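All values below come from the heavy atoms of this structure, side chains included, with hydrogens, waters and symmetry mates left out. Predicted, not measured: the structure shown is a model, and the values here were computed from it. By convention in this document, chain letters (A, B, ...) are assigned in the order of the sequence lines, proteins followed by strands, and residues within each chain are numbered from 1.
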2 protein chains.
Amino acid sequence: MQTIEQLLESKDIRVTAMRLLIYKFLAQKQIAVTLSDIENAFEKADRTTLYRTVKTFEEKGIAHQIDDGTGITKYALCEEGCSCEIETDLHLHFHCNICNETICLTEHKIPQIKVPEGFVSENVNLVVKGICDKCSGH
Amino acid sequence: MQTIEQLLESKDIRVTAMRLLIYKFLAQKQIAVTLSDIENAFEKADRTTLYRTVKTFEEKGIAHQIDDGTGITKYALCEEGCSCEIETDLHLHFHCNICNETICLTEHKIPQIKVPEGFVSENVNLVVKGICDKCSGH
DNA sequence: TCATTAAATGCACTTCCATTGCATTTCATT
DNA sequence: AATGAAATGCAATGGAAGTGCATTTAATGA
């Protein structure tokens, strides 16, 4: 079991206090968060720093961006089974229309999507919208 | 076969010159367009009018919004097979990473997506990204 | 330890798109 | 023609993404 510091270093990400905090914040969240969410959690930090931090995480492959259709970009740490660095990655996310939260369903695989002749599929973004378990009361 | 006027009226949309033009513009396009695309096509018209027109089309169920992950909302007329008014609609769109165009693949159906216990699926948004037939040279 | 250098951070802006309020015009109906 | 409702146009706002530059912080070697 490695520490967060070791994880960051192994991914060629310089360890700073800010980055550790942001990593822990993302790790603790079970849901994908917006930049504003992070901003609210760290009022002392500057937007730009947070923005560039998640961008760095993204580039280095420890977080990925989620477009859940709300128009606001969300971010989540990559977990086991998350293969967002692979070109033919299959993202699967669930967006709750009630609580507005977006959850990664990494264990749920997406069937191969067929595209017409001449089309080359490089990436698939799949967002299921509806009511999450908390809001449905089950 | 009905005229555009009849179609609009049947959907409870008041017929105006502007709306006819915008409808024709959307109908002629094979791809989903942004507000700016429409704006460029009708430089005389105001952004707001175009914006509200597509919103009206959307509400009345003759057009639908597409979120292809570029961060910019696109719009397309509903075609046969487009069931975006149905709750359990399955959108399928293809976004070309080269020409940046987004195409509706209405004839391609999406398999039912399973969600975990307690989750209720109301809607699915699926965007396949890659290279379109024109850009792949086939 | 100190100096050097590169990266990270903070601040100020800019840009782009989505959206709204309000005044005016157009349209449908009587 | 008069009335009321809807459509349009103009102006402005707000939110989020992104960038340039100065400053601070951290890693490195002398």
(request) Please report, rounded to the nearest Å, how far the P atom of D:dA26 is from the CG atom of A:Leu8. (result) 15 Å
(message) Base of C:dG10, side chain of A:Arg52 - is there a donor-acceptor contact under 3.5 Å?
(response) yes
(message) How long is the straight-line distance from NZ of A:Lys11 back to CZ of A:Phe57, given to the nearest 0.5 Å?
(response) 12.0 Å
(message) If I take atom CG in residue B:Leu50 and atom P in nucleotide C:dA18, what distance separates them, rounded to the nearest angstrom?
(response) 12 Å
(request) Would you kindly check whether a donor in the side chain of A:Thr48 faces an acceptor in the base of C:dC11, or vice versa, at under 3.5 angstrom? (result) yes
(message) Between C1' on C:dA8 and CG on A:Asp46, what's the gap in Å once rounded to a whole number?
(response) 12 Å
(request) Tell me what A:Ser36 touches on the nucleic acid: a base, only sugar-phosphate, or nothing, going by heavy atoms under 4.0 Å. (result) sugar-phosphate
(request) Just call it for B:Thr16: base, sugar-phosphate, or nothing, with non-hydrogen atoms closer than 4.0 Å on any strand. (result) sugar-phosphate
(message) Whole angstroms only, please: what is the CZ-P distance between A:Arg47 and D:dG15?
(response) 11 Å
(message) Here's a test of your reading of the structure: between B:Tyr51 and A:Thr49, which maps to the more 5' nucleotide of DNA chain C?
(response) A:Thr49
(message) In this structure, how many angstroms lie between the P atom of C:dT9 and the CD atom of A:Glu39, rounded?
(response) 15 Å
(request) Could you check how far CD1 of A:Ile13 sits from C1' of D:dA26, rounded to whole Å? (result) 16 Å
(message) Distance check needed: C:dT5 P versus A:Arg14 CZ, whole Å only.
(response) 15 Å
(request) Before accepting this row, confirm whether a basic side-chain N of the pair B:Lys129/A:Glu122 lies closer than 4.0 Å to the acidic partner's carboxylate O. (result) no
(request) Would you please test B:His95 and B:Asn100 for side-chain hydrogen bond (donor to acceptor under 3.5 Å, both in side chains) and show each step? (result) CA-CA 7 Å; B:His95 175 74; B:Asn100 213 35; 3.2 Å; yes
(message) So A:Lys44, base contact, sugar-phosphate only, or nothing? Heavy-atom distance under 4.0 Å.
(response) nothing
(request) Scan A:Thr34 against the nucleic acid and name what it touches under 4.0 Å (heavy atoms): base, sugar-phosphate only, or nothing. (result) nothing
(request) May I have the distance from A:Ile72 (atom CD1) to D:dG18 (atom P), rounded to whole angstrom? (result) 14 Å
(request) Classify the nucleic acid contact of B:Arg19 as base, sugar-phosphate or nothing, counting any heavy atom under 4.0 Å across all strands shown. (result) sugar-phosphate
(request) Could you tell me whether a side-chain N or O of B:Glu59 sits under 3.5 Å from a main-chain N or O of B:Thr56, the two making a donor and an acceptor? (result) no
(request) Ignoring backbone atoms, establish whether B:Lys55 has a side-chain N or O less than 4.0 Å from OP1 or OP2 of C:dA18. (result) no
(message) B:Thr34 vs B:Asp37, test: side-chain hydrogen bond (donor to acceptor under 3.5 Å, both in side chains). Steps then yes/no.
(response) CA-CA 5 Å; B:Thr34 65; B:Asp37 291 335; 3.2 Å; yes
